[in-house]
Engineer: 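Handing you this structure, nothing more for now.
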Amino acid sequence: MYIYDSVKKEKREFIPLQEGKVSLYVCGPTVYDDAHLGHAKSALVFDLLTRVLRANGYDVTYARNITDIDDKIIKKAQEQKREIKEITDFYTDSFHSEMALLGVNRPDIEPKATESLEAMFAMMQKLIDSNHAYRTEEGDVYFDTASDSEYLSLSKRVQEEDERQERVESSSLKKNPADFALWKSVKDDSLTFDSPFGKGRPGWHLECSAMIEKHLATDDAPFAIDIHGGGADLLFPHHENEAAQTRCSSNHALANYWMHNGFVNINGEKMSKSLGNSFFLKDALKEYDAEVLRFYLLSTHYRSNFNFNTEDLTIAKKRLDKIYRLKKRLFGLADNSDTTEFQTKLLEALSDDMNVSSALALIEEMLSSANETLDTAGKHKALKKETISNLKYIETLLGFGVKNPYEYFQFGVDDATQEKLATLIEQRDAAKKEKNFEESDRLRDEILAFGVNLMDTPVGTFWEKI
RNA sequence: GGUGCCAUCGCCAAGUGGUAAGGCCGCAGCCUGCAAAGCUGCUAUCCCCAGUUCAAAUCUGGGUGGCACCUCCA
């Protein structure tokens with residue numbers, strides 16, 4: 001298994017801290033709004049990673065947090081005059097159900113910030129005790145970046161005097177403009193938590209470090225966890241700060257490997273609220289089959305930026321269709337459980353820093369070769385079993401082709417239309433039997449007008465939603 | 001301004017030293033009553049310049065052109 005380490009900036013062989021075990025932590029969503037395509041991409045990438053690690057025989061513990069303490073959540077609660085918990089529960093639930101539709105497996109641990117306060121307090125106290133953090137007169141607690149000689153080693157940023165000056169806030173009591181908040185004291189009656197440091201709210205960065213320490217870290221290793229993942233934008237300042245907190249409050253560094261997934265752009269533009277082109281997952285799911293979205297979002301390398309557009313999405317559907325057509329061709333037959341050469345190669349491709357493009361090339365070669373043999377006369381009993389086994393392997397490893405193939409091709413077609421189509425196909429078959437091709441072609445045009453494709457096969461006529 | 005990434009067929013996209021995967025589109029053919037689906041065949045020398053090497057898309061230097069982060073962000 002090879003992983004590109006986005007801090008060391010090179011592909012490294014993956015060697016776990018503990019033999020046979022992997023601890024993985026990924027920064028999850030802040031639950032104040034619906035998930036957009038970027039959240040989907042990140043969740044899918046690390047879902048694939050856990051699948052590949054497990055296929056390689058590792059015992060994986062995957063944690064992804066839910067940030068349910070945040071200024072944006074509080075703001076939304078105040079605007080909508082709703083309880084904080086009502087908002088965070090709502091968006092946590094919708095996140096879960098949308099991810100489930102995409103075939104994203106639930107992480108093993110999903111810690112919430114609200115449930116991890118004790119761990120945050122403990123870490124903060126250690127940082128204060130070791131002079132890596134300080135309290136201001138206003139009651140805030142800041143991390144003292146000057147106290148950490150390795151600060152900025154992750155993002156390789158260089159702090160310049162000009163920049164420092166620029167970012168000084170007049171009211172701030174920070175020693176250094178780069179210092180970030182561990183605890184923000186709050187005087188008003190908005191969402192606050194009691195702590196040994198007074199009433200207030202924890203800083204965002206502290207959350208992740210504390211939860212990793214609480215749920216995943218092992219004491220005797222040089223790193224708290226094997227792999228830390230997240231979106232490319234989180235490297236600075238979020239991951240930089242996380243790493244500093246962990247490093248300065250414990251005897252280990254944070255993560256041995258860092259993985260950052262690329263961004264999802266919409267038609268070449270960055271998704272953002274100011275551009276008004278945020279693409280919510282729930283809207284995409286109304287228009288497109290969830291598995292097509294899964295396939296599409298995973299079809300290019302996780303580190304590249306992803307340019308979402310409907311043309312490429314249509315191509316992704318065509319590619320997934322091919323898997324389902326072969327599945328349909330072999331529907332209902334039993335598989336053979338032996339590991340095939342195809343399966344070995346597929347896992348090998350995905351174990352090379354998740355090279356999905358190579359994996360898809362292997363899959364499409366396998367599909368072509370299987371179809372070619374099935375096109376020739378004969379029973380091909382062994383090949384059929386092997387192919388079904390291959391398809392099942394693809395389902396498990398990549399989550400492609402998991403549905404009933406007949407239902408897959410009926411996405412978005414209501415029952416009434418399906419009945420109409422069945423009737424029209426019956427009439428067309430009758431016309432064909434009488435060799436009344438003029439009538440059968442007329443009926444075919446009528447059928448195609450429903451936005452479906454028609455295909456005559458030896459076992460009957462089928463339609464597929466385009 | 002700082003840091004970093006990228007540039008491969010019309011489009012999407014692998015490949016990081018040994019002579020260009022795969023998909024979409026297109027063309028030709030097989031199959032089909034005709035189609036659709038499926039199958040077969042055909043289609044690029046890798047942004048530019050210079051260098052290293054027996055050998056470079058792949059390494060080095062320079063250029064040009066994109067993009068990201070540096071503020072909350074997956």
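A note on names: the letters A, B, ... follow the listed sequences, proteins ahead of strands, and every chain is numbered from 1. Every value quoted in this text rests on a predicted model; they were computed, and no experiment measured them.
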Engineer: Walk me through whether A/Phe14 and A/Tyr257 qualify under ring-ring contact (aromatic ring centres under 6.0 Å, His included).
Structural biologist: CA-CA 8 Å; A/Phe14 177 70; A/Tyr257 298 83; 5.1 Å; yes
Engineer: Measure from CG on A/Leu374 to C1' on B/C31 and round the result to the nearest Å.
Structural biologist: 15 Å
Engineer: Which is true for A/Gly231 with a 4.0 Å heavy-atom rule: it touches a base, it touches only sugar-phosphate, or it touches nothing?
Structural biologist: sugar-phosphate
Engineer: Looking across every strand, which nucleic acid part, if any, lies under 4.0 Å from A/Asp456 by heavy atom: base, sugar-phosphate, or nothing?
Structural biologist: base
Engineer: Roughly how far apart, to the nearest Å, are B/A21 and B/G15 at atom C1'?
Structural biologist: 7 Å
Engineer: How far does the P atom of B/G23 sit from the matching atom of B/A57, given to the nearest Å?
Structural biologist: 24 Å
Engineer: If B/A74 has a Watson-Crick or G-U wobble mate with both distances under 3.5 Å, name it; if not, just say none.
Structural biologist: none
Engineer: Mind checking the C1' distance from B/U16 to B/C11? Whole angstroms is fine.
Structural biologist: 25 Å
Engineer: Using purine N1 to pyrimidine N3 plus N6-O4 or O6-N4 for Watson-Crick, or N1-O2 and O6-N3 for G-U wobble, each under 3.5 Å, what pairs with B/C67?
Structural biologist: B/G4
Engineer: Would you indicate which nucleotide in B/C34, B/U40, B/G38 comes nearest to any side-chain atom of A/Glu372?
Structural biologist: B/U40
Engineer: How far, in whole Å, is B/G22 from B/C9 if one measures between their P atoms?
Structural biologist: 15 Å
Engineer: Rounded off to whole Å, could you give me the CD-to-P distance for the A/Glu240 and B/G2 pair?
Structural biologist: 19 Å
Engineer: Base, sugar-phosphate, or nothing: which does A/Arg325 touch, judged by heavy atoms less than 4.0 Å apart?
Structural biologist: sugar-phosphate
Engineer: Expressed as a whole number of angstroms, how long is the span from A/Met455:CE to B/G38:C1'?
Structural biologist: 10 Å
Engineer: Looking at every strand, decide which applies to A/Val264 at a 4.0 Å heavy-atom threshold: base, sugar-phosphate, or nothing.
Structural biologist: base
Engineer: Let me see the working for A/Phe308 and A/Tyr296 under ring-ring contact (aromatic ring centres under 6.0 Å, His included), right down to the final yes or no.
Structural biologist: CA-CA 9 Å; A/Phe308 189 95; A/Tyr296 178 42; 5.3 Å; yes
Engineer: Does a side-chain N-to-carboxylate-O contact under 4.0 Å join A/Asp140 and A/Lys174?
Structural biologist: no
Engineer: Over all strands shown, is A/Glu464 touching base, sugar-phosphate only, or nothing at heavy-atom distances under 4.0 angstrom?
Structural biologist: nothing
Engineer: Please classify the nucleic acid contact of A/Ser357 as base, sugar-phosphate, or nothing, using heavy-atom distances under 4.0 Å.
Structural biologist: base
Engineer: How about A/Ser358 and A/Glu348: does a side-chain donor come under 3.5 Å of a side-chain acceptor?
Structural biologist: no
Engineer: Have a look at A/Ser299 and say if it touches a base, only the backbone sugar-phosphate, or nothing, with a 4.0 Å heavy-atom cut-off.
Structural biologist: nothing
Engineer: For A/Arg303 and for A/Glu438, find the nucleotide of RNA chain B with the closest heavy atom, then tell me which residue's nucleotide is more 5'.
Structural biologist: A/Arg303
Engineer: Within the pair A/Lys322 and B/G22, is there a side-chain N or O less than 4.0 Å away from OP1 or OP2?
Structural biologist: no
Engineer: Distance check needed: B/A35 C1' versus A/Phe462 CZ, whole Å only.
Structural biologist: 17 Å
Engineer: With P as the reference atom in both, quote the distance from B/C39 to B/C24 in angstrom, rounded to an integer.
Structural biologist: 9 Å
Engineer: What's the CG-P distance between A/Leu360 and B/C12, to the nearest Å?
Structural biologist: 17 Å
Engineer: Side-chain N or O of A/Ser304 versus OP1/OP2 of B/C5: is the shortest distance under 4.0 Å?
Structural biologist: no
Engineer: Looking at the base of B/G33, is there any donor atom on it, or on the side chain of A/Asp441, that sits under 3.5 Å from an acceptor on the other one?
Structural biologist: yes
Engineer: Over how many whole Å does the gap from A/Ile425 atom CD1 to B/A37 atom C1' extend?
Structural biologist: 14 Å
Engineer: Are A/Lys156 and B/C70 close enough that a side-chain N or O sits under 4.0 Å from OP1 or OP2?
Structural biologist: no
Engineer: Report yes if the distance between the aromatic ring centroids of A/His36 and A/Phe279 is under 6.0 Å, otherwise no.
Structural biologist: no
Engineer: Can you tell me how far P in B/C6 sits from the matching atom in B/G17, rounded to whole Å?
Structural biologist: 15 Å
Engineer: How close or far is atom C1' of B/U16 from atom NZ of A/Lys9, stated in whole angstroms?
Structural biologist: 17 Å
Engineer: Side chains of A/Asp179 and A/Asn176: do they bring a donor and an acceptor to under 3.5 Å?
Structural biologist: no
Engineer: Need one value for A/Lys318: base, sugar-phosphate or nothing, where a base atom within 4.0 Å counts as base even if backbone is also close, heavy atoms only.
Structural biologist: sugar-phosphate
Engineer: May I ask you to say whether A/Lys76 pairs ionically with A/Asp70, meaning some side-chain N is under 4.0 Å from a carboxylate O?
Structural biologist: no
Engineer: If you pin A/Asp233 and A/Thr300 to their nearest nucleotides in RNA chain B, which one's is more 5'?
Structural biologist: A/Thr300
Engineer: Looking only at atom P, what distance separates B/C5 and B/G62, rounded to whole Å?
Structural biologist: 14 Å
Engineer: Going by purine N1 to pyrimidine N3 plus the second Watson-Crick contact, or the G-U wobble pair, all under 3.5 Å, which nucleotide sits opposite B/C42?
Structural biologist: B/G26
Engineer: Is a donor-acceptor contact shorter than 3.5 angstrom present between the side chain of A/Arg444 and the base of B/A35?
Structural biologist: yes
Engineer: With both distances kept under 3.5 Å, what pairs with B/G18, Watson-Crick or G-U wobble?
Structural biologist: B/C54
Engineer: Looking at B/U3, I'd like to know if its phosphate oxygens (OP1 or OP2) sit under 4.0 Å from a side-chain N or O belonging to A/Ser155.
Structural biologist: no
Engineer: A/Leu298 CG to B/G23 C1': how many Å, rounded?
Structural biologist: 16 Å
Engineer: I'd like the P distance from B/U58 over to B/U53, given in whole Å.
Structural biologist: 16 Å
Engineer: So what does A/Lys435 touch, heavy atoms closer than 4.0 Å: a base, only the sugar-phosphate, or nothing?
Structural biologist: nothing
Engineer: For the base of B/A74, is there a side-chain donor-acceptor partner from A/His36 under 3.5 Å away?
Structural biologist: yes
Engineer: Any base atoms under 4.0 Å from A/Leu234, or only sugar-phosphate, or nothing? Heavy atoms, all strands.
Structural biologist: sugar-phosphate
Engineer: Could you tell me whether the side chain of A/Asp353 reaches within less than 4.5 Å of the side chain of A/His301, counting heavy atoms only?
Structural biologist: yes
Engineer: So, is A/Asn305 near the phosphate of B/C5, with a side-chain N or O under 4.0 Å from OP1 or OP2?
Structural biologist: no
